[in-house]
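Values in this document were obtained by computation on a predicted structure and should not be read as measured data. Residue numbering restarts at 1 for every chain, and letters A, B, ... go by the order of the sequence lines.
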Amino acid sequence: MFARIRTRLAIHYAGLFALALSLVAVALYVVVTTTAERQVRDELVASSTVFDRLLELRTRELGNAAGLLSRDFGFRAAVATGDPGTALSALDNLKARLGLRTAFIVGMDGSVTGLADPRLRADARSLWAALDAGRTSGIVRLGGVPHHVVAAPIMAPTLVGWVVFANDLGPAQMRRLEQLSAIPINARVLLRGRGEAWSSEGATAGFVAARIGDNAPARLDDPSGTAIALVKPLGALGDDNAALLLRYPLALAMAPYLPLQIAMALTALLGLVLVVFGSWRLSLTLTRPISALEQAAQRMEEGETVAVTVATRDEIGRLAQSFNRMAAGIAEREKRITQLAFNDSLTGLPNRAFFRQHLDLELKQAERRGGRALALLCVDLDNFKAVNDTLGHPAGDELLRAVAARLGANVGDAMVARLGGDEFTIILSHRDAHEAAGAIAGRLIAALAEPFEVNGHELTAGASVGIAMAPGDAADADTLLKHADLALYQAKDEGGGTYRFFEAEMNARAQARHQLEADLRRAIGHGEFELYFQPLFDLETNRIGSFEALIRWNHPSRGLVAPDEFIPLAEETGLIVPIGAWVIQEACRQAVKWPEDVRVAVNVSSVQFRRPGLANVLIQALAASGLDPRRLEVEITESIFLESSEALIAVLHSLRAMGIRIALDDFGTGYSSLSYLQSFPFDKIKIDRSFIQQLLSRAGSTAIVRAITDLARALGMETTAEGVENPEQLAELRLHGCSSVQGYLFSRPVNAAGVAEALATANPERDVA
Amino acid sequence: MRALVLALAAVAAAPAAAGDLAVQVRTANGAGVPNAVVTLYPRGRPAALPAARPAYQIAQRDLQFSPFVLVVPVGGEVSFPNFDDVRHHVYSFSPVRRFELRLYAREQTRSVRFDRPGIVPLGCNIHDNMIAFIDVVDTGFAARTDAAGRANFTAIPGGPVLVRVWHPWLRAPANQLELRAEVPDNGRVAQAVPVNLRPPPRPSRSY
């Protein structure tokens, strides 16, 4: 109902007080009016009695006078003998003596003597009947004014008339009666003729008609106000009815109590003001702490940590204490929740969500401060996967914790976050962020290059760092993070253990890669790939023994794209799987058209080996083409052994079991290890072209090639030399007992149509056959 | 005392055809009204007055007039003897005969002659309760009713007769009423006269 307790309290208290006062006032009013009314009623009754007595007294007085006059012999003689002059003089004499206004004689024949006014005479004549009936006193209307009339018969000696004395009961006379009363009563004599009302004023007329005869005071509401009134019937002489109306205005009766009522009203008003003021003050002291609590609750709602001052020890004070405890509890819980939500549980560092928030905030602040640069460092461990694979995840986790600690110790007050895996970020806000970022990156790489002690193992994590600057490199968090990642890839690409700042070209390269990737996806569907075949020349039979299938990409806009340009990307993106499958199918499809002693070799990426389904692809390709599995050769590189596993060896064995030949490609480069040769009985070893090209120019190369061919022969494996370009090299290889050669010396790769031509040239008897 | 019927003209001239009339004045409830004066006017004309003039008297005795009503023919003289120990002041304001007998004492007699017909109320200026009436009549047939309200007339010429009844308290103009009767040529006829009386005034009212 009311928005504020203060208002409500004030209004309720004021209302209650006003109610109480009203009750007192009503009680007082009732008592006062009752008392006043009773007083007035008593006085009215008394006054009416007084009036009666006065009237009676006057009647007797006048009657005596009239009686005396009527018996005066001279007067009688005058009346009886028709001597009006004498009679009137006698009448006047008595009038003067008694102080009468009106006196006259009514004769037996109804004649009136002694009244000059014709109206009065007419009224007087109407008295005859009453006088003749023997009545001698009463109220009569004479000239419209009520009169008290007393008559005496004139006996001479028989009745010859009446002498009549009249005393008017008009206002002036009534005033005198009123003055006899203790209270200022208003007295009136009313006359009612036949068929008339008691008064021209309706209320009064009704009142008199209703109340006449009961002789008890009652309330009368007339136009002049409420009054207590008493009606008393008066004996009338003549046809009229007469009544005495005593009236006392209630307002006058209440007048003596006016000071009391005013005092009461003033007291009430003062009391009301005091109550309103007091309850306002009281509610203020009550609601001030409540308001403080309310405001605190609002601030708390908005996320502030609040506490209210506890001023009192009452319920509100205790409420404030409880509130403070609650607020503290909420703040504590909120902190914990925030920690859970924004912190990485493994390292205790801020997590990705927190990092993103913080980065947004820092970017905004940097923007606001204008120009102050921000550096984002992306840190990635170089050897984490190896640790995880070799020592298990618990060791990996332990390493991550140690790395986190070491990072924290080397970045000062910059924020370190872990985004996931072995990926860490550092946000650096510094006046010279570029320089500082470089310094910190260098320091971090050095620190992480130091060995870690994990579960008794000594590990070297090594790290690469990519750095992007805001707002120089990017203004928004997403782009900044992407750019730092690109810089990180660059560092990784360059072998790791280093840091790189983001450069615009990285972005361009990345975009080119993106484009290439999109083109690759399209190329698979659109059949933009084509297989070329390079013959492998068998040195023992001097014939072409097999062709190596090489993929070519006929890009619609760029023309022919070299495998070096797209194969790494295909491997990275996994697109190598469908592309490799196509190569296998296409190679089988082509090879089945060739002479049966000519094999086909396809390169299979380590990525293909890692994905399940390679065997199925091979089986399906063989089945679809009808090619003898022994005519299919799979070339793998040493790199697959970097991630070697039992499963890989098992796959190789299953292929071998199907009859497919397995060749080890590019032998002698990278991390070539003799143990590879032991781990699987390859059908063939392909000697890397780098040895062949240096065969004649570098002394060691010859020895290496001889060693490889000797080793292969000893292990029962064939050897193929790649990149043979001149006859000297061929001669040398023959000398060393190499099984077959491949290179421009014999043939560049040719398309499917060129295969037949090559075969026709190299293996002529077959062609004839 | 002398309140019996006076047959004033019976002897003088008894016409050949004459009847008797018995009048009774009575109230509505049949009570006879005494002290009423009944006068007869055969054929509307007054009968001749008797030649003899007896002495008429209204005495004052025991503070009262006696008789209360006296019938006197025109020209009759009435004496007012005082038998009381106090004086009386007898007066009359009647236009018929105005007179005043001032303060005369016991055994004094004053006489007054009445020459005009009419009612003469008598009062005493000293004693308001004293009142009497003299009816001065101009016809020979006049009588005062007895205690039973009766007045009997004899030898009235047959034919229509005007009967006039007067009483001091009779409720009628001039306290009298008239009626017509038929007197047979021979025999007697009764005539009842119902009247309505006022209550007698009580002049001794005091205020």
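Heavy-atom pairs under 4.5 Å with chain A peak, among B:Asn125, B:Leu122, B:Ile131, at B:Asn125. For the set A:Ala80, A:Ser70, A:Ala77, the entry with the most heavy-atom pairs within less than 4.5 Å of chain B is A:Ala77.
Contact between B:Pro121 and A:Pro157 at its shortest, heavy atoms only, is CB-CD, 3.7 Å.
Here CG of B:Asn175 is found 8.0 Å from OG1 of A:Thr158. Values are rounded to the nearest 0.5 Å. Here B:Arg198 contributes atom CZ and A:Asp132 contributes atom CG; the two are 5.5 Å apart, rounded to the nearest 0.5 Å. In this structure, B:Phe93 CZ and A:Asp83 CG are separated by 11.0 Å, a value rounded to the nearest 0.5 Å.
Ring-plane geometry between B:His89 and A:Phe73 is classed as tilted, the angle between the planes lying from 30 to 60 degrees on a 0 to 90 degree scale.
For B:Pro95, no part sits under 4.5 Å from any heavy atom of chain A, backbone or side chain.
Side-chain contact between B:Asp128 and A:Met155: absent, with no pair of heavy atoms (C-beta onward) separated by less than 4.5 Å.
Counting heavy atoms of neighbouring residues, nucleotides and ligands inside a 6.0 Å radius, atom CZ of A:Arg175 exceeds 12 of them.
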